[in-house]
Peer 1: 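Provided herewith is a single structure, encoded as structure tokens, for subsequent inquiry.
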Amino acid sequence: RVTSTLVTSAVAVNPAPPSAAASSNAAQQPGEKLKQYSVVMKFGGSSVADAARMREVANIVLAFQEEMPIVVLSAMGKTTNLLLAAGEGALKCDDASEVLVLEAVVAIRKLHVATMDELNVDAATRAEVSKLMDKMEQVCTGIALMQELTSRTRATLVSFGERMSTRIFSAYLRSLGLRSGQYDAFDALGFVVTDEFENGNILDQTYPNVKAALTLGSGEPASIAVVTGFLGRGEKTGAIATLGRGGSDLSATVIGAALGLAEVQVWKDVDGVLSADPREVEGTVPMAFLSFQEATELAYFGAQVLHPQSMRPAMDSDNLCVRVKNSYNVRAPGTLIGHVRPGGGEDWLLTSIVRKKNVTMLDIVSTRMLGQFGFLSKVFNIMASNGISVDCVATSEVSVSLTLDPAKLWDRDLVPEELDHLIQDFEENGIARVKCTTGHSIISLIGNVERNNEIMERTFKALGAENIRITMISQGASKTNISLLCDDAQGSEAVKAIHNEFFPHPQSKINPEV
């Protein structure tokens, strides 16, 4: 049970005092004058991909001397993918000797050993990380012998990435003469989740557990806590579980909410959330502020912001905000994702433009259902029975148009067959005729839909000037999103045209400081 491990785990990772040798050239301890942790800083795998990147992360942490940080880390670089590849590769092995020479296993050991060498990690941490690598190889050997790779085993296997990266980084901070402690969230912090091993949901008892574990005692000196992202422990099984997509961001916001902090920082490689995809549009600008609702819409329609699930603890709190910052531009303010738009935002019009490609549209027409109740019910019952969800909807008296997102539905080469089966269900039940077309783009305008007349007028003016044809319009019930459908071939030009209409000015004129 989680509660039985809280005391022993916390003792094992108490911050070690800096050695005399280290103290001579010690870096300055951040938050020295504070009594409690003040901010959560989350860094993804690319930020800790190797020794050089770990040094950069340490420099970022030390740049904010006014804060006492909790640092949440993902696994190093592509380690999570390598661990999954090691598990799949182990299924093709006959014994331990074959497991040890798997390309993924060799790459994982090589990366972590090289990183510890470059960062001059202490002997105790080396031994601890080496033991974890041995256990990882033992898990792979078990997979080979049993010829079975379950969800529970996969979760255990990928957990080694965060467990190793956090130990190495915390040891590096200590080598600089800093006080730092490493925490396994599933043990020392008491992250308790449902027993869905690869998509566990955070349970309520996690919050008091985290608060107890990370509240400093009277007179306890400032320290940098380094915490595993992405991981929890199953409520009933006690097994390690992962938190699914966006899991490390979720770990960070859970900690922020549990401690009642004002801000969680998520560090990426851009200056916050941008007005459009910079790979598609020149002259994009970072947004100073997003509401949680806007950020959720952006994430749903494909923008690389935060996964909606990871924002839930902040959304449910009274004052916790999330700030997206750039690890290559440390002092840039980034984008604040919060509850209330500064200044009321009366002049706010459009936040961002997102394009989702390769969208399928169904036009469902039924003259038999004219004036009859139950038409939409029958439509969505058939969608549900086929396990297909819907993005956007537009309706009339006798027809409904739906868009489907293949990325959410199919992870295999069965799209035509599944669509054929769906259409067959409609037509065999005599409900409707269905026309299916593919190769569309959804252009989502995230903004102040209270001013939708102005948004639509300017949007269609810009699209008309470029001869771009819109085949469907849908306004979400969220009141923050208007979605337009066009052909993929015109999708990129549509985004550029709309962006040029709404964001023609220098950044300083449209992006006030938050």
Side-chain angles (χ1 to χ4, degrees), residues 22 25 27 41-64 69-87 89 100-137 140 157-178 180-184 224-231 242 247-249 251-252 265-270 304 325-330:
N25 301 308
M41 305 171 80
K42 182 265 175 179
F43 296 89
S46 61
S47 295
V48 289
D50 53 30
R53 295 306 310 273
M54 282 198 173
R55 288 192 185 97
E56 291 171 11
V57 170
N59 289 336
I60 291 171
V61 172
L62 295 177
F64 295 89
I70 298 166
V71 179
V72 176
L73 297 183
S74 297
M76 292 182 66
K78 301 295 184 182
T79 298
T80 299
N81 289 340
L82 288 171
L83 286 163
L84 290 170
L100 295 178
V101 296
L102 282 172
E103 184 178 347
V105 171
V106 171
I108 292 166
R109 185 174 283 275
K110 182 179 179 181
L111 172 63
H112 289 81
V113 169
T115 302
M116 288 190 291
D117 288 343
E118 288 188 53
L119 296 180
N120 194 29
V121 166
D122 62 90
T125 300
R126 280 177 171 275
E128 198 172 353
V129 173
S130 180
K131 187 175 181 180
L132 286 171
M133 287 190 284
D134 291 343
K135 286 184 177 178
M136 177 266 294
E137 291 170 353
C140 289
L157 190 57
V158 299
S159 76
F160 288 106
E162 280 75 10
R163 291 156 76 183
M164 292 189 290
S165 67
T166 50
R167 282 166 171 79
I168 292 170
F169 184 70
S170 184
Y172 173 61
L173 293 178
R174 292 195 297 272
S175 77
L176 300 177
L178 300 165
S180 176
Q182 185 276 341
Y183 297 81
D184 286 331
I224 301 170
V226 182
V227 178
T228 58
F230 190 51
L231 305 175
T242 64
S248 290
D249 293 341
S251 300
Q265 297 174 356
V266 177
W267 289 80
K268 295 181 177 288
D269 56 1
V270 292
Q304 298 298 311
K325 289 180 68 72
N326 187 355
S327 57
Y328 296 102
N329 188 7
V330 175

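Side chains are part of it too, since the values below use all heavy atoms of this structure and drop only hydrogens, waters and symmetry mates. No experiment lies behind these values; they were computed from the predicted model shown.
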Peer 1: Could you pull out all residues at least two apart from Phe160 that satisfy ring-ring contact (aromatic ring centres under 6.0 Å, His included)?
Peer 2: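 Phe160 satisfies ring-ring contact (aromatic ring centres under 6.0 Å, His included) with no other residue.
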Peer 1: Would you confirm whether Ser46, through its side chain, and Gly77, through its main-chain N or O, come within 3.5 Å as a donor-acceptor pair?
Peer 2: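 Not at all, since once roles are kept as given, no pair shorter than 3.5 Å links the two residues.
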Peer 1: Using every non-hydrogen atom in the two residues, find where Leu173 and Ser180 come nearest and quote the distance to one decimal.
Peer 2: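 In this case the closest contact between Leu173 and Ser180 is CD1-OG, 3.7 Å.
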Peer 1: Could you grab the distance from atom OG1 of Thr79 to atom CD of Glu162, nearest 0.5 Å is fine?
Peer 2: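 Answer rounded to 0.5 Å: 8.5 Å.
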Peer 1: Do Leu231 and Thr242 make a side-chain contact, defined as non-hydrogen atoms from C-beta onward lying under 4.5 Å apart?
Peer 2: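 With C-beta onward as the side chain, the pair touches.
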Peer 1: Charged N to carboxylate O below 4.0 Å: is that the case for Arg55 and Asp50?
Peer 2: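 Salt bridge between Arg55 and Asp50, a charged N being under 4.0 Å from a carboxylate O: no.
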Peer 1: Between Lys131 and Glu128, does any side-chain N to carboxylate O distance fall below 4.0 Å?
Peer 2: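 Judged by the 4.0 Å cut-off on N to carboxylate O distance, Lys131 and Glu128 do not form a salt bridge.
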Peer 1: Just verifying a value: how many Å separate Asp269 CG and Asn326 CG, rounded to the nearest 0.5 Å?
Peer 2: 6.5 Å
Peer 1: Apply side-chain contact (heavy atoms from CB on, under 4.5 Å) to residues Ser327 and Val57 and explain how you reach the verdict.
Peer 2: CA-CA 8 Å; Ser327 57; Val57 170; over 6 Å; no
Peer 1: If you compare all heavy atoms of Val106 against all heavy atoms of Leu100, which two are closest, and at what distance to 0.1 Å?
Peer 2: CG2-O, 3.6 Å
Peer 1: Quick check: does any side chain N or O of Ser130 sit under 3.5 Å from a backbone N or O of Arg126, one acting as donor and the other as acceptor?
Peer 2: no
Peer 1: So do the side chains of Met41 and Phe64 get within less than 4.5 Å of each other, counting heavy atoms only?
Peer 2: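 Touching, per the 4.5 Å side-chain cut-off.
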Peer 1: Does Glu118 CD have over 12 foreign heavy atoms under 6.0 Å away?
Peer 2: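 Atom CD in Glu118 is crowded, with more than 12 foreign heavy atoms closer than 6.0 Å.
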Peer 1: At their closest point, which heavy atom of Val105 faces which heavy atom of Ala86, and how far apart are they?
Peer 2: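 Shortest heavy-atom separation between Val105 and Ala86 comes out as CG2-CB, 3.8 Å.
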Peer 1: Is a donor on one side and an acceptor on the other found under 3.5 Å between the side chain of Arg167 and the backbone of Arg163?
Peer 2: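 Pair found, side chain donor or acceptor close to backbone of Arg163.
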Peer 1: Can any side-chain N or O of Thr166 pair as donor or acceptor with the backbone N or O of Val226 at less than 3.5 Å?
Peer 2: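 Answer holds: no.
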Peer 1: Rounded to the nearest 0.5 Å, what separation is found between the CD atom of Glu137 and the CG atom of Leu102?
Peer 2: 9.5 Å
Peer 1: Less than 4.5 Å apart, side chain to side chain, heavy atoms only: is that true for Trp267 and Val330?
Peer 2: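 Of all side-chain heavy-atom pairs linking Val330 with Trp267, at least one is under 4.5 Å.
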Peer 1: May I ask you to check whether Ser248 and Ser74 show a side-chain donor-acceptor distance below 3.5 Å?
Peer 2: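 Ser74 and Ser248 do have a side-chain donor-acceptor pair below 3.5 Å.
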Peer 1: To the nearest 0.5 angstrom, please state how far the CE atom of Met133 sits from the CE atom of Met164.
Peer 2: 6.5 Å
Peer 1: Roughly how far apart are Met54 CE and Leu119 CG, rounded to 0.5 Å?
Peer 2: 7.0 Å
Peer 1: Do side-chain atoms of Ser175 reach the backbone of Tyr172 as a donor and acceptor pair under 3.5 angstrom?
Peer 2: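 Yes.
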Peer 1: Are the side chains of Arg174 and Thr125 in touch, meaning some heavy atoms are under 4.5 Å apart?
Peer 2: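 They are in contact (side-chain heavy atoms under 4.5 Å apart), so the answer is yes.
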Peer 1: Roughly how far, to the nearest 0.5 Å, is the CG atom of Leu83 from the CD1 atom of Ile108?
Peer 2: 4.0 Å
Peer 1: Looking only at heavy atoms, which two atoms of Leu73 and Val71 are closest? And how far apart?
Peer 2: CD2-CG1, 3.6 Å
Peer 1: Does a side-chain heavy-atom distance below 4.5 Å link Ile70 with Lys42?
Peer 2: no
Peer 1: Does any non-hydrogen side-chain atom of Leu178 lie less than 4.5 Å from one of Leu62?
Peer 2: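 Yes; the side chains approach each other to less than 4.5 Å.
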Peer 1: Donor-acceptor check, side chain of Ser251 to backbone of Phe230, threshold 3.5 angstrom: yes or no?
Peer 2: yes
